[in-house]
Amino acid sequence: MTRHLLRDDDLTPAEQAEILDLALELKKDRWSNKALAGPQTVAVIFDKSSTRTRVSFAVGIADLGGSPLIISTANSQLGGKETPSDTARVLERQVAAIVWRTYAQSGLEEMAAGTRVPVVNALSDDFHPCQLLADLLTIREHKGDLKGLTLTFFGDGQSNMAHSYALAGVTAGMHVRIASPADYAPRADVVEAADRRAAETGGSITLLTDPVEAAAGADVVVTDTWVSMGKEEEKLARIRDLGGYKVTPETMTIADSEAIFIHCLPADRGYEVDSEVIDGPQSVVWDEAENRLHAQKALLVWLLDKKDA
Ligand code: CP
Ligand code: NVA
C-alpha cells in the first residue's frame, strides 16, 4: 500500500528505526542504492524558501539514480489556479514521488488522498518530519541509543519543529520537554498524539515554562527560529515573548555535561541561540544539516518499496 510521510507519527516506532538504520547504511556507502534508476523523476515543490531541503532532495534523488524536478509554486498552477488533488493526478502519471513544502497541512492531506505515489511533507506550518529523521540520525550518531534520552526544545512550542520533536521524539522513546511561554505551548491535539505514542514506547512529553527546569540534565538541547516562515508580522512580539528561552552558554552548563546542541537551521544568531553555542564544541548542527541528505534518501527508498504497483 502506498505510504506517505505527512507528519512524524505516520511512522511506527519500528518503521522509524528501520529508516534510520537504512540512512546509516547509505551514509557509509553513498552510491550503493539506485532505487530511482531509470532515471525516475521526483517532483520537489516549494511554496516557501529553502536551502537545505532543496539541495538535499536534489542531491539525494540524483544519488539514487533519479532525476529531481524542482518546482516553485509561484511559477506553477498550484497555489491558486489548481487544487492539490488535481495537481497530484497530473504528477502521478509522470513522477515516482511528490515532495512538497507548503503552508497548510490540509493541502498535503488533500495531495496524498488524491494520488497513488508517495507524498512527503518537506515542511508545513504544523510539522517538519524530514528534518526530524535527520535530527534523530544525528543524535544517534553522537549519543547512541535514542530510547531514554532527554531532549529539550526551547522557544516557539507551536512551531512545526516543536510539534515534530514532540511526535518523532516520543516515537523514538525519548523524553521530550518543550520549554515555552504558556501562550506558545504546543497544540493540544499534538500533545495528545504524542502522549498516545509515548504510552507505546516508554517516552514522554512534558510542557514547561521554566527554562532552567527544562534545561536541567538534558542530553540534547534544541531550538529553532522564533519567527517561522509565515509569521514575519509577529516578529517584534515574538522577540519580546520568547527572549527568556534563548539558548546561551549558561543553558549548556545546566544541561548534561555531555549534552549536544542541534538546530534545524537557518539560525537567527543572537536571538534563539548565541553564536558561542552554535559555534561551540557541543554543537553538531553541520552534521545535522548533512544528515538531511542521508535520512531523506533512506525515506525515499523505503517509500518506493511500499508503493502500489
Ligand atoms: N532546515 C531546513 O529545512 O532548512 P531550509 O529551510 O534551508 O530547507
Ligand atoms: N520553523 C522554521 C523552520 C525552518 C526550517 C520555519 O518554519 O520557518
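Order of listing sets the numbers, starting from 1, for every ligand and every atom in it. Along the sequence shown, residues are numbered consecutively beginning with 1. The structure displayed is predicted, hence computed values, not measured ones.
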Basic-acidic side-chain contact under 4.0 Å: Asp10, Arg3: no

message: At less than 4.0 angstrom from any atom of ligand 2, which residues have a non-hydrogen atom? List them by chain and residue number.
response: Leu123, Asn160, Asp224, Thr225, Ser228, Met229, Cys264, Leu265

message: Quick check: do Glu276 and Arg269 have side-chain heavy atoms less than 4.5 Å from each other?
response: no

query: Looking at Asp21 and Arg140, does any basic side-chain N land under 4.0 Å from a carboxylate oxygen?
result: yes

task: Rounded to the nearest 0.5 Å, what's the gap from CG on Leu91 to CD1 on Ile71? Could you check?
output: 5.5 Å

Kindly print each ligand 1 N/O atom paired with any protein N/O atom under 3.5 angstrom away, one pair per line, or none if nothing qualifies.
{"residue": "ligand 1", "atom": "1 (N)", "partner": "Gln131", "partner atom": "OE1", "Å": "2.9"}
{"residue": "ligand 1", "atom": "1 (N)", "partner": "Cys264", "partner atom": "O", "Å": "2.9"}
{"residue": "ligand 1", "atom": "1 (N)", "partner": "Leu265", "partner atom": "O", "Å": "2.8"}
{"residue": "ligand 1", "atom": "1 (N)", "partner": "Arg292", "partner atom": "NH1", "Å": "3.4"}
{"residue": "ligand 1", "atom": "3 (O)", "partner": "Thr53", "partner atom": "OG1", "Å": "3.0"}
{"residue": "ligand 1", "atom": "3 (O)", "partner": "Arg101", "partner atom": "NH2", "Å": "2.9"}
{"residue": "ligand 1", "atom": "3 (O)", "partner": "His128", "partner atom": "NE2", "Å": "2.9"}
{"residue": "ligand 1", "atom": "3 (O)", "partner": "Arg292", "partner atom": "NH1", "Å": "3.1"}
{"residue": "ligand 1", "atom": "4 (O)", "partner": "Arg52", "partner atom": "NE", "Å": "2.8"}
{"residue": "ligand 1", "atom": "4 (O)", "partner": "Leu265", "partner atom": "O", "Å": "3.4"}
{"residue": "ligand 1", "atom": "6 (O)", "partner": "Arg101", "partner atom": "NH1", "Å": "2.8"}
{"residue": "ligand 1", "atom": "7 (O)", "partner": "Thr51", "partner atom": "N", "Å": "2.7"}
{"residue": "ligand 1", "atom": "7 (O)", "partner": "Arg52", "partner atom": "N", "Å": "2.8"}
{"residue": "ligand 1", "atom": "7 (O)", "partner": "Arg52", "partner atom": "NE", "Å": "3.1"}
{"residue": "ligand 1", "atom": "7 (O)", "partner": "Arg52", "partner atom": "NH2", "Å": "3.0"}
{"residue": "ligand 1", "atom": "8 (O)", "partner": "Ser50", "partner atom": "OG", "Å": "2.7"}
{"residue": "ligand 1", "atom": "8 (O)", "partner": "Arg52", "partner atom": "N", "Å": "3.4"}
{"residue": "ligand 1", "atom": "8 (O)", "partner": "Thr53", "partner atom": "N", "Å": "2.8"}
{"residue": "ligand 1", "atom": "8 (O)", "partner": "Thr53", "partner atom": "OG1", "Å": "2.7"}
{"residue": "ligand 1", "atom": "8 (O)", "partner": "Arg101", "partner atom": "NH1", "Å": "3.4"}
{"residue": "ligand 1", "atom": "8 (O)", "partner": "Arg101", "partner atom": "NH2", "Å": "3.3"}

field: Cation-pi check, Lys48 onto Tyr103 ring (under 6.0 Å, within 45° of axis)
entry: yes

Considering all heavy atoms, the nearest Ala96-Lys307 contact: O-NZ, 3.3 Å

- request: Hey, can you tell me if Phe127 and His163 have their rings parallel, tilted or perpendicular (30° and 60° cut-offs)?
  value: tilted

message: On the six-membered ring of Phe46, is Arg54 placed so that its NZ or CZ lies under 6.0 angstrom from the centre and within 45° of the ring axis?
response: yes

query: Does a side-chain heavy-atom distance below 4.5 Å link Thr152 with Val220?
result: no

